[in-house]
Amino acid sequence: MTGAIIGTTHVVEVDGVAMAHRVVGDPADPPMVLLHGLGDDERDWHGVLPGLAARHRVYVLDLRGHGRSSRPGRYSFELMRDDVLGFLDALDVGRCVLVGHSMGGVVAILLAETAPHRVTRLVVEDVFVPRPGDLDRPPLPPPDEPTPFDFAAVNAIRAQLNDPDSVWWERTEAVDVPTLVIGGGPDSAIPQKLLAEMVERMPEAVLVTIPAGHNVHASRPAEFLAAVDGFLSVDNPR
C-alpha cells in the first residue's frame with residue numbers, strides 16, 4: 001500500500017444499522033465483496049485492494065461494530081450475515097464474489113449456506129466453520145484503553161466459536177458454490193486440519209496453503225492475490 005486513499009467511501013442503512021463501505025473499481029466489472037476479521041475494518045484490505053479491483057467492482061465493508069459502521073450492541077455471525085445480505089439488496093448487487101477473512105470468512109460461508117444464489121465464487125482465508133468442541137475461546141476482559149471497534153463484539157463472537165450451531169457444519173456439504181480456502185499454514189493459530197476437513201465436505205472447494213500465519217493477505221499479499229486470481233480465472237461451470 002502506498003498510503004494513497006483508495007476509492008470512495010459511503011454509508012447505507014440496513015435494518016437500522018449504518019453499513020460503512022468503500023467502493024473501488026470499474027462499475028462495469030463483476031462485483032466482489034470483502035469481509036474483514038474480528039477487530040479489523042475495511043482498511044485491513046488496502047494492501048491487496050488495487051489488485052482485486054483491477055478486474056472487479058469491489059465493495060469493502062465495515063461489519064457491524066467495526067470501523068465507521070453502527071455499534072448496535074448486538075453481535076453474532078448470523079446478524080452479520082443478514083447485514084451483508086441486506087447490503088447486497090440495498091446496492092442492488094444480485095450476485096458477487098464473496099471474500100472473507102477469519103470472522104468475515106465464517107460470515108461468508110454462512111451466507112453461502114443460506115443464499116448460494118447470491119454468490120458466484122467464495123474465497124475464505126484461514127478459517128473454517130466451527131463445530132461444537134472444535135475451539136476453546138474463553139471470554140476476554142475488557143481492555144483498559146478504548147478500542148477502535150465495539151469490544152462487545154469480541155466476546156459475543158468468541159461465545160459462538162465456543163458453542164457454535166451444529167447446523168453450520170452440517171450445511172457445509174451442501175455449499176456447491178466454487179470455493180477457495182486459503183490456509184495460513186503451521187504458523188497460524190487456526191488448526192489447519194479443520195480447514196482440510198471442511199474442504200473435504202464442500203463439493204466445489206479447494207484448499208491452498210500459503211505459510212504466512214493467520215493474516216495471509218497482509219503478510220504475503222502477492223501470493224494471496226496470485227491464489228485468488230488463479231482461482232477466479234478458471235471457468236465457472238455455474
Tell me whether [Y] is reachable from [X] by hopping between hydrophobic residues (I, L, V, M, F, W, Y) whose side-chain heavy atoms are closer than 4.5 Å.
X      : Y      : result
Val93  : Val107 : yes
Ile109 : Leu194 : yes
Leu110 : Leu79  : no

Counting N and O atoms only, with roles assigned by atom type, does the side chain of [X] sit under 3.5 Å from a partner on the main chain of [Y], one being a donor and the other an acceptor?
X      : Y      : answer
Asp187 : Ala212 : no
Ser70  : Val17  : no
Gln192 : Gly185 : yes
Ser69  : Ala20  : yes
Glu204 : Val175 : no
Glu125 : Val216 : yes
Asp62  : Glu42  : yes
Arg158 : Pro138 : yes
Thr172 : Glu170 : no

Original post:
After noting the C-alpha distance and the side-chain angles of Met32 and Arg121, does the key distance pass the side chain to side chain contact (heavy atoms under 4.5 Å, CB included) rule?
Top reply: CA-CA 9 Å; Met32 172 184 284; Arg121 297 286 180 105; over 6 Å; no
**OP:** Quick one: do Glu197 and Arg131 satisfy side chain to side chain contact (heavy atoms under 4.5 Å, CB included)? Show the steps, please.
**Re:** CA-CA 11 Å; Glu197 290 176 10; Arg131 299 167 294 188; 2.8 Å; yes
Which heavy atom in [X] sits nearest to a heavy atom in [Y], and how many Å separate them?
X      : Y      : result
Ala53  : Val24  : CB-CG1, 3.6 Å
Asn155 : Pro139 : OD1-CA, 3.2 Å
Gly94  : Arg118 : O-NE, 2.7 Å
Met198 : Val181 : CE-CG2, 3.9 Å
Val154 : Leu140 : CG1-CD1, 4.1 Å
Ala90  : Val12  : CB-CG2, 3.7 Å

**OP:** Report the residue from Leu98, Val119, Thr120 that forms a side chain to side chain contact (heavy atoms under 4.5 Å, CB included) with Val177.
**Re:**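 Among Leu98, Val119, Thr120, the one meeting side chain to side chain contact (heavy atoms under 4.5 Å, CB included) with Val177 is Val119.
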**OP:** Identify the residue among Val124, Val123, Val58 that makes a side chain to side chain contact (heavy atoms under 4.5 Å, CB included) with Val99.
**Re:**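 The single option meeting the side chain to side chain contact (heavy atoms under 4.5 Å, CB included) with Val99 is Val123.
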When you check the side-chain N and O atoms of [X] and [Y], is any donor under 3.5 Å from an acceptor?
X      : Y      : answer
His21  : Thr9   : no
Asp41  : His36  : no
Asp44  : His217 : yes
Asp150 : Tyr75  : yes

Between [X] and [Y], is any pair of side-chain heavy atoms under 4.5 Å apart?
X      : Y      : answer
Leu49  : Leu34  : yes
Glu173 : Pro203 : no
Pro143 : Phe151 : yes
Met80  : Met103 : yes
Asp26  : Arg57  : no

Inter-residue atom distance [X].[atom1] - [Y].[atom2], 0.5 Å rounding:
X      : Y      : atom1 : atom2 : value
Leu35  : Ser102 : CG    : OG    : 11.5 Å
Asp136 : Asn162 : CG    : CG    : 5.5 Å
His46  : Ile6   : NE2   : CD1   : 5.5 Å
Leu122 : Leu180 : CG    : CG    : 8.5 Å
Leu195 : Phe128 : CG    : CZ    : 7.0 Å
Leu135 : Ile190 : CG    : CD1   : 6.5 Å

**OP:** Check the angle between the aromatic planes of Phe224 and Trp45 and answer parallel, tilted or perpendicular using the 30° and 60° thresholds.
**Re:**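 Correct class here is tilted.
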Subject >> Over-ring placement of Arg22 relative to Tyr59, 6.0 Å and 45° cut-offs >> reply: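 Checked: cation-pi criterion not met.
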Subject >> Sole residue of Arg81, Arg171, Glu78 in side-chain hydrogen bond (donor to acceptor under 3.5 Å, both in side chains) with Thr114 >> reply: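 So, applying the side-chain hydrogen bond (donor to acceptor under 3.5 Å, both in side chains) to Thr114 and each of Arg81, Arg171, Glu78, only Arg81 qualifies.
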Original post:
Are Val206 and Thr179 close enough, and set up right, to give a side chain to side chain contact (heavy atoms under 4.5 Å, CB included), and what steps lead you there?
Top reply: CA-CA 6 Å; Val206 295; Thr179 300; over 6 Å; no
Can you confirm whether [X] is buried at [atom1], in the sense that more than 12 heavy atoms of other residues, nucleotides or ligands lie under 6.0 Å from that atom?
X     : atom1 : answer
Asp15 : CG    : no
Arg55 : CZ    : no
Arg68 : CZ    : yes

Original post:
Would Trp168 and Phe77 count as a close aromatic pair, with their ring centres under 6.0 Å?
Top reply: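 So the answer is yes for these two rings.
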Subject >> Salt-bridge present (Arg64, Asp83; N to O < 4.0 Å) >> reply: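 Yes, Arg64 and Asp83 are salt-bridged.
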**OP:** Go through the steps for Ile182 and Val228 under the test side chain to side chain contact (heavy atoms under 4.5 Å, CB included), then give the verdict.
**Re:** CA-CA 9 Å; Ile182 299 176; Val228 173; 4.1 Å; yes
